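What follows is a short report on a single structure.
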Amino acid sequence: MQTVFNRIAIFGVGLIGGSFALALKKSGAVRQIVGVGRSRTSLETAQQLGIIDHIADSVEEAVAGSDLIMIAAPVAQTESILRAIVPFLNAKTIVTDAGSTKADVVLAARAALGNKIAQFVPAHPIAGRELNGPEAALTDLYVCKKVVITRLPENTNDDVAAVAWAWQQCGAIIHQLNPAQHDAVFAAVSHLPHLLAYALVDDVARKPHADTLFQYAASGFRDFTRIAGSSPEMWRDITLANRVAMLEELDSYTARLAILREHLVQADGAAIEDIYSNAQKARHNWISAIEAAEKQQREGGD
Ligand SMILES: NC(=O)c1ccc[n+]([C@@H]2O[C@H](COP(=O)([O-])OP(=O)(O)OC[C@H]3O[C@@H](n4cnc5c(N)ncnc54)[C@H](O)[C@@H]3O)[C@@H](O)[C@H]2O)c1
Ligand SMILES: O=C(O)C(=O)C[C@]1(C(=O)O)C=C[C@@H](O)C=C1
């Protein structure tokens, strides 16, 4: 049975790391949270907001006294952060992450941690928003949201259970996938939608009459493109890290667009309506299933 964490070090105290810290503090699951980051100003903001208790003066200081280390920086930073951590890593300290991709993160962890790889339990909270930085962190971000743990064969059951427990204290529900399954799923339902939203807004913004278009764009455009307000650095890293699975999804989507385009050329209303109806039905079913699951979790949890 997991007991309260004495000290957690968070590398990257932004939306995701900051929300993890706030939720753990609220639940009483941690005594002290230490922040490590790229920007001193951002860490000071996190401290002023009560997200972290202390700004680490060095990686050694952050790592040596912590029983859990959370990496919540853009995924391309994972290997260099782990390489900085490894010389100071105690045998009992668990390292985890919140990265949106998992196969690349596991490869980075194997390269950096070597024979300490068993201490790394990869995970991904399926919750977020288009805002970033510590100011965007929310105590309730993970309530009733999934966290996917992509455990390694080397992980101990106790370490996986400790990471799961931490997320459960944030209100999350634990799922498990392997890294390849994880990346294939999120290429389709998270990474491709971000690429499409960025592409649409970029396309509109480059048109000579962009000002007029934006002036009249309303809630449909706003809903479709909300996620294009997300961090370009974070999404560049995700896009490159999950390149192969994303290319597959992009090809599938492009083929669907080509079919729709041909129906449009032919002015084939029945065929267009058939695609739209199929999509509408699938979306309604998806929303109903999510709402039912959330209701069940809320009621079961009370
Ligand atoms: N935003 C989302 O919706 C979401 C959801 C789930 C998972 N994630 C993943 O969580 C991670 C963090 O995303 P976020 O939304 O919190 O981004 P964010 O920009 O809000 O926070 C990232 C923080 O990491 C810091 N950082 C960058 N490089 C660093 C380094 N080398 N060492 C230490 N700190 C460093 C940045 O200064 C920043 O404070 C990413 O891996 C992302 O893929 C994001
Ligand atoms: O709500 C948002 O803004 C998100 O983009 C969250 C979202 C997603 O649903 O695609 C984005 C990245 C993640 O790794 C997990 C969740």
Side-chain angles (χ1 to χ4, degrees), residues 9-23 34-47 49 51-52 55-56 58-59 62-63 69-85 95-105 108-109 112 122-138 141-142 145-150 167 170 172 175 177 182-183 185-198 222-242 246 249 286 290:
I10 300 185
F11 284 69
V13 190
L15 165 69
I16 294 299
S19 300
F20 184 68
L22 286 173
V34 181
V36 188
R38 199 163 51 173
S39 142
R40 177 88 199 173
T41 320
S42 171
L43 287 171
E44 282 167 0
T45 304
Q47 196 171 21
L49 291 169
I51 295 173
I52 55 173
I55 300 172
S58 65
V59 172
V63 172
I69 294 170
M70 159 60 82
I71 300 175
V75 288
Q77 301 295 319
T78 310
E79 185 166 342
S80 64
I81 292 174
L82 288 172
R83 283 194 188 281
I85 286 172
V95 187
T96 188
D97 81 309
S100 302
T101 52
K102 291 273 76 76
D104 66 307
V105 161
H124 174 203
I126 315 304
R129 53 207 297 240
E130 73 280 17
L131 304 173
N132 58 294
E135 303 89 341
L138 299 174
L141 186 67
Y142 304 119
K145 298 294 186 321
K146 297 179 185 73
V147 169
V148 179
I149 296 181
T150 61
W167 281 113
C170 302
H175 286 236
L177 292 173
H182 170 280
D183 289 357
V185 167
F186 290 99
V189 296
S190 175
H191 307 167
L192 180 68
H194 279 78
L195 180 147
L196 300 178
Y198 281 125
R222 195 183 174 111
D223 287 352
F224 187 87
T225 64
R226 175 184 67 79
I227 52 181
S230 306
S231 157
E233 178 191 3
M234 175 184 137
W235 283 100
R236 175 203 65 195
D237 286 1
I238 293 169
T239 307
L240 291 177
N242 205 13
M246 278 191 73
E249 292 305 328
W286 168 62
I290 286 189

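For clarity, every value in this text was computed on a predicted model and none was experimentally measured. Read the numbers this way: they start at 1 and go in the same order the structure lists the ligands and their atoms.
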Please identify which atoms of ligand 1 are closer than 4.0 Å to at least one heavy atom of [X].
X	answer
Ile238	43 (O)
Pro125	6 (C)
Gly99	41 (O)
Val75	41 (O)
Gly133	18 (P), 20 (O)
His124	6 (C), 7 (C)

Can you find an N/O atom of Trp235 closer than 3.5 Å to an N/O atom of ligand 2?
no
Would Ile227 count as a polar contact of ligand 2, with the cut-off being nitrogen or oxygen pairs under 3.5 Å?
no
Can you tell me the protein heavy atom closest to [atom] and the distance?
atom	result
atom 30 (C) of ligand 1	Ile81 CD1, 3.7 Å
atom 31 (N) of ligand 1	Gln77 OE1, 2.9 Å
atom 19 (O) of ligand 1	Asn132 ND2, 3.4 Å
atom 25 (C) of ligand 1	Gly12 CA, 3.7 Å
atom 21 (O) of ligand 1	Gly14 CA, 3.3 Å

Only heavy atoms count here, so choose which of [options] is nearest to [atom].
atom	options	value
atom 5 (C) of ligand 1	Ser100, Ala127, Gly128	Ala127
atom 16 (O) of ligand 1	Leu131, Ile71, Ile16, Val36	Ile16
atom 15 (C) of ligand 2	Arg129, His124, His191, Lys146	His124
atom 5 (O) of ligand 2	His194, Lys145, Met234	His194
atom 28 (N) of ligand 1	Arg38, Met234, Arg129, Glu135	Arg38
atom 40 (C) of ligand 1	Ala73, Ala98, Ala72	Ala73

What do you reckon, is NZ of Lys145 surrounded by more than 12 foreign heavy atoms closer than 6.0 Å?
yes
Please indicate whether any nitrogen or oxygen in Gly37 is less than 3.5 Å from any nitrogen or oxygen in ligand 1.
no
Return a yes/no value for Ser231: is any of its N or O atoms, backbone included, closer than 3.5 angstrom to an N or O of ligand 1?
no
Would a distance-only check, ignoring hydrogens and angles, find a side-chain to backbone donor-acceptor pair under 3.5 Å from Asp183 to Ala103?
yes
Got a protein heavy atom sitting under 4.0 Å from atom 38 (C) of ligand 1?
no
